[in-house]
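Contents: one structure, followed by commentary.
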2 protein chains.
Amino acid sequence: MKAPASHQPAFRRIEPDARRLALIEACARVLARAGAAGASVRAIAVEAGVSPGLVSHYFTGIEALVAATYAHVEGTVDTALDRAVAEAGPDPRARLDAFVTASFAPGIADPQLLATWIAFWSLVTARPAIAAQHDEQYSGSRARLEALLGACGVPTERQRRDAIAVSALVDGLWLELCLSPGCFTAEEAGDIARRFLDTLISTDR
Amino acid sequence: MKAPASHQPAFRRIEPDARRLALIEACARVLARAGAAGASVRAIAVEAGVSPGLVSHYFTGIEALVAATYAHVEGTVDTALDRAVAEAGPDPRARLDAFVTASFAPGIADPQLLATWIAFWSLVTARPAIAAQHDEQYSGSRARLEALLGACGVPTERQRRDAIAVSALVDGLWLELCLSPGCFTAEEAGDIARRFLDTLISTDR
DNA sequence: CCTGTTGTTGTACGATCGTCCAACAAGCTT
DNA sequence: AAGCTTGTTGGACGATCGTACAACAACAGG
């Protein structure tokens, strides 16, 4: 039998935004632990400590939850990178260096984070709405890079191309660092990226 | 119309290696069309024109088939890149340029090809055997790049790092080109990569 | 033509998937 | 204390998943 004399609530009601966030964070943990293939509605519900039906109640479907999780995780990463840049002080080049260095720090270059990206990427090709979300987030991340480069003296007409280049190099290093952690270190990745920045910022070009 | 009333074979027996390859190619087509989520045993069997049971007969499971497909597609890409390098003639720098240019050519930088990579990447973190396969293929691709760089005069002690850098830049550009085809062009990607090679090969560094 | 080998079929099976919705209960209002 | 709103439950549902296996048939060797 159940239910003793005293009464303990079987569940707690929390406000919609908080519940939504809890589901997103649970989704991120499941993706990190079990990968894209293991991120089912039921597994996420168990992780969040709620019933499976609640996922459908807050999200159109599991794809929408994955998209929201990607946006949230990318937001977290952006915040961490922004903090690293802010802590680097006023020198433009130091800020740029801090950006790339933080991109390979533990917790950012993390195989568990990669799972969220992969789950999201797997939806980009087939779902136009997801592709649009990717375009938007990518161009936002590129805009920040353009600003950092501009502060270092990169002329306006070269900012777009150089931001694409830096973004690609950092992402490529980040990807391999996650996929083959033993092949090279985060320090090496940072060195490579910073050396590349040298060639972009040097005036004799 | 021939061979009428008598008998038409319900299926053809072909030698194991050919059937294996047919299944791999069918898997690649399904991945390209439907993405990682749609690559089920049944869908692949339909695409190959065989019964579902045959997949289990030739592969341990669908993960093994995806891994074999990745190896096969990467082999195809490597062959295309090798041909581009060979057609570039004897000049080392021209060969290196041909390598990066071909990396962004249609059929290589292709959203449909990306699906195979994503399906494979999604298995890397969880499956040690798949991680080992990735390490091997990545180091092989890096070794080729080291050779091309060495021929251009990059000293031995810098080849490893520079190969990692070029590989990351090319892969990062390739990835974004597949995910957001409208953001920048293959020509721009090639320009960025070739300009990066300039900085690596110039002797005053 | 017959026979043996074996590549191939087709289905059955249990597990798990995403979605849905009527019923329930937590907690605020009155 | 009672009522009301609504966040939440939990199971039903059909579809689809990967796998296994006995029966079948294509084809080479006799």
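Source: prediction; values computed, not measured.
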Dump the intermediate steps for side chain to side chain contact (heavy atoms under 4.5 Å, CB included) on A:Q137 and A:Y70, then the final yes or no.
CA-CA 10 Å; A:Q137 299 207 353; A:Y70 173 78; 3.0 Å; yes

Quick one: bend of the helix from C:dC2-D:dG29 to C:dT30-D:dA1 from 5 pairs per end, to 10°?
10°

Sub-3.5 Å donor-acceptor pair from the side chain of B:S180 to the main-chain atoms of B:C183, do we have one?
no

Does B:L123 offer a backbone N or O that forms a donor-acceptor pair with the side chain of B:E63 under 3.5 Å?
no

Nucleotide by nucleotide, nucleotides 7-19 of chain C touches protein heavy atoms under 4.0 Å in the pattern (B base, S sugar-phosphate only, - none) BBBB-B----BBB

Does a donor on one side chain sit under 3.5 Å from an acceptor on the other, for A:T199 and B:R195?
no

Ion pair A:R93/A:D97, N-O distance below 4.0 Å:
yes

Any donor-acceptor pair under 3.5 Å linking the side chain of B:Q159 with the backbone of B:V154?
yes

Just by modelled atom types, is the B:T185 backbone N or O under 3.5 Å from a matching donor or acceptor in the B:E188 side chain?
yes

